[in-house]
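Some notes on the structure that comes next.
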Amino acid sequence: MPRGALIVLEGLDRSGKSTQVDRLVARLNAEGYRARLHKFPDRTTAIGQMIDAYLRSTAELDDHAIHLLFSANRWECHSAIEKDLADGITVVADRYAFSGIAFSAAKGLDFTYCLSPDTGLPLPDVTLYLTLSPETAAQRSAYGAERYENVDTQTAVRAQFAKVAEEVARWHGDGRWVEVSAEGSVEEVERDIWGAVKGVMVRVGDEPVGRLWE
Ligand code: FDM
Ligand code: MG
């Protein structure tokens, strides 16, 4: 039985990521692949509840402490993800370690420091980065009330995602980080995402799961 693929969607707020992860899981199922959605942060765990309180600003935490909690929130479910992949189930992740780096580095934490706690996590077979111009983002509905949901933060995070893309290429070669324009309609973006994913589904069957930053 071919293993499942680990497919990550990353992107700024209002890039339509949540809509697209749902559509991607549905499309995978329709094409005959078993697939499961995993959102990061996973707010349902004990660590996830601390993260949720931080994001809703009902708790304050040191920048390093919250960075490590986000990473711990991935480590606490890495075995479940690896089991799914081995069982032939494709895992679609709504954010992953790349958000972890981009958001913390945007606050001024050292980039290499930000990268290190996720070393060894399952390596995504492909990461689709949904891009949106600041102008288009401004035309979409208002930002929510959570921490980071403001123009200045999003601008700083965008710059850090560009560095993350370079780092992924340096460590893991070309083709693992794919930019998808989120400017078009939901259907157009969905079509472009599927265009990038379908080849990955055929390829991963024979490849072992890699390790991030190794
Ligand atoms: N976020 C998300 C981080 O700062 N670090 C991380 O490791 C992850 C996974 O949490 F602003 C930020 C990104 C976003 C917020 O994400 C919550 P959702 O997708 O809006 O729930
Ligand atoms: Mg959000």
Side-chain angles (χ1 to χ4, degrees), residues 6-25 37-78 80-81 91-124 127-132 134 137 140-165 167-168 177 180 182 189 212-213:
L6 176 55
I7 299 166
V8 172
L9 263 76
E10 289 279 13
L12 296 174
D13 269 34
R14 300 193 278 185
S15 60
K17 202 161 34 61
S18 301
T19 304
Q20 292 297 336
V21 286
D22 288 341
R23 288 190 170 226
L24 179 56
V25 169
L37 177 62
H38 207 119
K39 280 181 179 287
F40 290 107
D42 176 350
R43 304 189 194 212
T44 65
T45 69
I47 293 169
Q49 283 166 29
M50 295 170 76
I51 293 171
D52 181 62
Y54 175 79
L55 289 172
R56 289 187 293 103
S57 296
T58 60
E60 291 304 321
L61 282 166
D62 171 80
D63 288 344
H64 301 79
I66 184 63
H67 182 71
L68 296 174
L69 286 177
F70 273 114
S71 178
N73 186 234
R74 286 181 280 279
W75 279 109
E76 65 181 335
C77 62
H78 83 100
I81 290 177
V91 176
V92 175
D94 181 347
R95 298 191 191 278
Y96 198 58
F98 312 118
S99 274
I101 300 164
F103 281 79
S104 290
K107 291 195 282 195
L109 292 193
D110 178 72
F111 189 86
T112 307
Y113 166 83
C114 291
L115 202 126
S116 49
D118 291 300
T119 302
L121 279 177
L123 174 67
T127 298
L128 303 149
Y129 177 54
L130 301 191
T131 61
L132 195 66
R140 297 193 177 175
S141 60
Y143 283 118
E146 286 204 329
R147 205 183 287 261
Y148 304 144
E149 294 181 340
N150 61 78
V151 176
D152 287 352
T153 299
Q154 299 289 316
T155 303
V157 170
R158 177 188 279 106
Q160 294 301 327
F161 266 127
K163 291 176 71 176
V164 170
E167 212 62 19
V168 169
W177 184 274
V180 175
V189 177
L212 187 59
W213 315 133

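As the structure lists them, so they are numbered: ligands from 1, and atoms in each ligand from 1. A quick note: this is a predicted structure, and the numbers were derived from the prediction, not measured. Values reported hereafter were calculated over all heavy atoms of this structure, with side chains retained and with hydrogens, waters and symmetry mates removed.
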Test side-chain hydrogen bond (donor to acceptor under 3.5 Å, both in side chains) applied to Lys39 - qualifying residues, sequence neighbours left out
Asp94
With heavy atoms under 4.0 Å as the rule, classify the contact between Ile66 and ligand 1 as side chain, backbone, both or neither.
neither
Have a look at Ile7 and tell me which of Val91, Leu128, Val25 forms a side-chain contact (heavy atoms from CB on, under 4.5 Å) with it.
Leu128
N/O to N/O below 3.5 Å, does that happen between Arg95 and ligand 1?
yes
In plain terms, say whether Arg147 and Glu60 are close enough for a salt bridge, that is, a side-chain N and a carboxylate O under 4.0 Å apart.
yes
Taking a cutoff of less than 4.0 Å between a non-hydrogen atom of the residue and any ligand atom, is Arg74 in contact with ligand 1?
yes
salt_bridge(Arg95, Asp13) N-O dist < 4.0 Å
yes
Would you mind listing which atoms of ligand 1 come within a distance below 4.0 Å of any non-hydrogen atom of Phe40?
9 (C)
Would you say Thr155's side chain and Val151's backbone share a donor-acceptor pair under 3.5 angstrom?
yes
Should Arg147 be counted as touching ligand 1, given the test is an N or O pair under 3.5 Å?
no
Can you sort out which atoms of ligand 1 are near Leu55, meaning under 4.0 Å from one of its heavy atoms?
10 (O), 15 (C), 17 (C)
With heavy-atom distances below 4.0 Å as the criterion, list the atoms of ligand 1 near Gly100.
5 (N), 6 (C), 7 (O)
To the nearest 0.5 Å, what is the distance between CG on Asp118 and CG on Leu123?
12.0 Å
Applying a 4.0 Å heavy-atom criterion (strictly less than), which segment of Lys39 is in contact with ligand 1: side chain, backbone, both, or neither?
neither
Does ligand 1 have an atom under 4.0 Å from some heavy atom of Glu149?
no
Tell me the nearest of Phe98, Tyr54, Tyr148, Phe70 to atom 8 (C) of ligand 1, using heavy-atom distances.
Phe70
Glu10 side chain to Ser99 backbone, donor-acceptor under 3.5 Å
yes
